[in-house]
Amino acid sequence: MTNNTYSDFRLYKRLLLQARPYRLHIAGIMVLNLVLIPLTLLTPLPLKIAVDSAIGSQPLPRFLDIITPDVFSRSPTSVLLLAICLLVIITLLLYLRGFGSSLLETYTGEKLVLSFRAELFRYVQRLSLSYHDKTGTSDSTYRIQYDAPSIQWVAVQGIIPFITSLFSLVGMIYVTALIDLQLATVALAVSPVLFLITQVFRHRIRREWSSIKKVETRVLSVVQEVMSALRIVKAFGQEDREEDRFLRHSHDSVKGQMRIAFIRGEFDVLIGLTIALGTAAALFIGVRHVQAGVLTLGNLLMVMAYLAQLYGPLQTISRKVGDLQASLASAERAFRLLDETQDVVEKNNARTLSRAAGGIAFKDMSFAYPDRPPVLRNISYDVSPGTRVGIVGATGAGKTTLISLLTRFYDPTEGSIQLDGTDLRDYKLKDLRAQFAIVLQEPVLFSTTIAENIAYGRPDAGPEDIVEAAKLAGAHDFITALPDGYETQVGERGMTLSGGERQRIALARAFLKDAPILILDEPTSSVDIKTEAVIIEALERLMHERTTFIISHRLSTLANCDVLLLIEDGCLAAVYSDVATALKEFAAFDNEGRITLLETTDAPACDN
Ligand SMILES: Nc1ncnc2c1ncn2[C@@H]1O[C@H](COP(=O)(O)OP(=O)(O)O)[C@@H](O)[C@H]1O
Ligand SMILES: [Mg+2]
């Protein structure tokens with residue numbers, strides 16, 4: 001990925017590409033904007049006709065005379081009528097144009113933002129966990145919710161007025177040049193100066209905006225973090241401290257906004273000054289020309305009036321460039337998200353897989369999280385289909401990491417993992433992940449009904465299937481006891497249910513998915529012994545004829561495994577096939593039946 005140098009050219013090019021599906025709409029907006037120029041020029045016409053032709057006796061302007069029937073030019077009354085009709089028609093047209101243009105702008109802008117957001121969301125979901133571990137959720141949220149809309153400001157409110165101003169600028173230059181070429185040249189000499197000033201300030205403003213966006217992301221992440229851990233914050237009574245943290249970051253944002261206001265102020269003063277200098281020069285030369293008799297006084301006055309108008313679009317263009325910087329900084333952030341490389345990629349000719357037998361083989365596999373020392377080292381082990389593999393080891397040994405590699409949340413840094421004899425990386429990701437049902441220590445529920453939560457992995461499942469799965473998971477009884485049964489809404493992340501209830505819903509989800517391989521990461525560690533018994537019974541049914549990886553610290557949960565793997569310091573320290581003896585051999589049990597691993601000898605476990 002490139003760092004701070006997203007050139008404007010590339011940025012505009014990407015924005016235009018992004019806006020391509022709406023090019024007709026954008027062309028429409030452009031036309032409506034250009035129509036404004038002649039309409040504005042026509043606005044004083046009725047008054048002119050009323051004064052010159054209805055009250056006075058001058059003929060109608062040539063072009064009107066040609067297109068109107070003769071009756072209009074005969075009596076002053078009919079000429080007055082014509083002027084009034086024109087006034088109404090022109091005003092009506094002006095407002096209709098405004099109406100159409102704002103409708104079209106809103107439609108195009110919103111559609112653009114929606115499609116851009118959808119693309120970002122799609123991409124973010126597919127980015128690897130390493131990316132999200134590193135950047136955090138608020139960053140992605142901010143980019144999708146607050147940076148993406150920039151595309152509409154750039155395309156609709158930025159580029160279009162910019163282009164229309166260019167058009168009127170060219171027109172006015174032409175008219176001025178017809179009257180006095182030298183004057184026009186002098187007047188235009190300010191353009192390069194304006195351009196230079198704009199260049200300098202553009203960069204400064206953009207830099208400020210980029211840093212404001214970062215600060216604002218931090219503010220958002222404080223809010224998100226606190227809201228998702230509100231219980232802890234309240235329990236520890238740290239509301240004031242969090243508020244301080246919030247205010248501190250917010251103050252940084254205020255300071256940044258003030259710096260931008262200051263820079264914008266300087267910028268405006270410089271632009272105004274340059275234009276004043278241009279006007280002064282034109283005035284000086286103009287007066288000299290009048291004195292020398294080259295230019296009439298009337299023409300000088302007219303040129304000065306045109307100059308005032310000429311500088312209008314120039315000023316708009318410079319201002320727009322300043323205004324656009326916030327949007328461009330945002331657009332750049334949004335595009336950078338799309339530039340993030342996917343670390344877990346699917347091969348082009350990846351294999352499809354409908355249902356695996358469930359054989360897993362670790363082939364001299366090592367893994368390190370990005371920029372960290374290795375977490376897993378040289379793991380080699382074969383698991384034949386249908387085996388129940390218990391994984392034990394101290395906290396931080398690398399157990400969760402090991403099973404995260406199975407579903408390709410991360411890829412091994414060395415060696416490989418095979419499913420049914422084929423490297424995981426050779427399968428289609430979707431097919432591969434369909435082979436696993438996962439139950440974690442902290443079950444994750446979504447804020448919807450229990451039925452939908454159970455059917456999360458198989459949205460097409462019928463109600464009978466859902467009830468069947470819930471029965472197998474030992475969840476049916478408590479679900480039917482709830483006031484709305486299967487239609488009960490669970491709160492955000494399932495907060496309205498107890499830990500054991502959530503865990504059984506997660507199990508039901510796994511039953512319904514009916515995958516050949518099962519991954520259980522400490523499924524019973526957060527429930528009491530009584531609930532554990534229910535869960536273990538359900539697990540027993542679930543593990544039947546499936547390859548199972550179960551991480552646990554509890555004897556009761558591990559007792560029925562076929563083999564135990566001991567992970568120590570990221571190495572496969574031992575494999576026990578006589579599970580009962582093994583559990584006795586290396587573990588001492590406390591009165592809740594938890595395994596306490598004994599300190600191993602001081603020789604490092606991974607000297608293999
Ligand atoms: N996303 C991550 N990024 C960096 N390091 C991590 C990440 N997740 C876990 N680790 C580190 O990897 C090691 C193993 O963690 P983990 O697999 O969760 O251990 P276990 O499940 O055995 O308790 C720990 O030292 C932990 O700090
Ligand atoms: Mg773990």
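Counting convention: from 1, in listed order, for ligands and their atoms alike. In what follows, every heavy atom counts, from backbone to side chain, and hydrogens, waters and symmetry copies are set aside.
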Problem set entry | atom 11 (C) of ligand 1 [closest protein heavy-atom partner, distance rounded to 0.1 Å] | Tyr369 CE1, 4.0 Å
Problem set entry | Nearest option to atom 16 (P) of ligand 1, as decided by whichever heavy atom of Thr401, Val375, Leu376 sits closest | Thr401
For this session: Ignoring hydrogens and angles, state whether a donor on the side chain of Gln18 or Glu119 is under 3.5 Å from an acceptor on the partner side chain.
Result: yes
Problem set entry | Distance-only side-chain donor-acceptor flag, Arg218 / Ser138, under 3.5 Å | no
Exercise. Thr395 heavy atoms, cut-off 4.0 Å: which ligand 1 atoms fall inside?
Worked result: 23 (O)
For this session: Tell me, please, if Thr395 has any N/O/S atom, main chain or side chain, under 2.8 Å from the Mg ion (ligand 2)?
Result: no
Problem set entry | Presence of salt bridge, Asp339 and Arg14, under 4.0 angstrom | yes
Exercise. Any side-chain donor-acceptor pair under 3.5 Å between Tyr146 and Glu216?
Worked result: no
Exercise. Is there a heavy atom in Gly393 that sits closer than 4.0 Å to ligand 1?
Worked result: no
Exercise. Tell me, which protein residue and heavy-atom name are nearest atom 21 (O) of ligand 1, and how many Å apart are they?
Worked result: Thr400 OG1, 2.6 Å
For this session: Consider every N or O of Arg372 and every N or O of ligand 1, then say whether any pair is closer than 3.5 Å.
Result: yes
Problem set entry | Side-chain donor-acceptor pair present, Tyr369, Thr401, cut-off under 3.5 Å | yes
Exercise. Which of the atoms of ligand 1 are close to Lys399, meaning less than 4.0 Å from one of its heavy atoms?
Worked result: 17 (O), 19 (O), 20 (P), 21 (O), 22 (O), 23 (O)
For this session: Please check if a non-hydrogen protein atom sits closer than 4.0 Å to atom 26 (C) of ligand 1.
Result: no
Exercise. Is there a donor in the side chain of Arg425 and an acceptor in the side chain of Ser416, or the other way round, less than 3.5 Å apart?
Worked result: no
Exercise. Are any of the N or O atoms of Ala397 closer than 3.5 Å to those of ligand 1?
Worked result: yes
Exercise. Among side-chain atoms of Ser253 and Ser250, is any donor-acceptor pair under 3.5 angstrom?
Worked result: no
Exercise. Is atom 19 (O) of ligand 1 less than 4.0 angstrom from at least one protein heavy atom?
Worked result: yes
Problem set entry | ligand 1 contact on Asp133 by region, counting heavy-atom pairs under 4.0 Å | side chain
Exercise. Between the side chains of Arg509 and Asn453, is a donor N or O closer than 3.5 angstrom to an acceptor N or O?
Worked result: yes
Problem set entry | For atom 23 (O) of ligand 1, the protein heavy atom that lies nearest, with its residue and separation | Gly396 N, 2.7 Å
Problem set entry | Residues Ser380 and Lys363: side-chain donor-acceptor under 3.5 angstrom | no
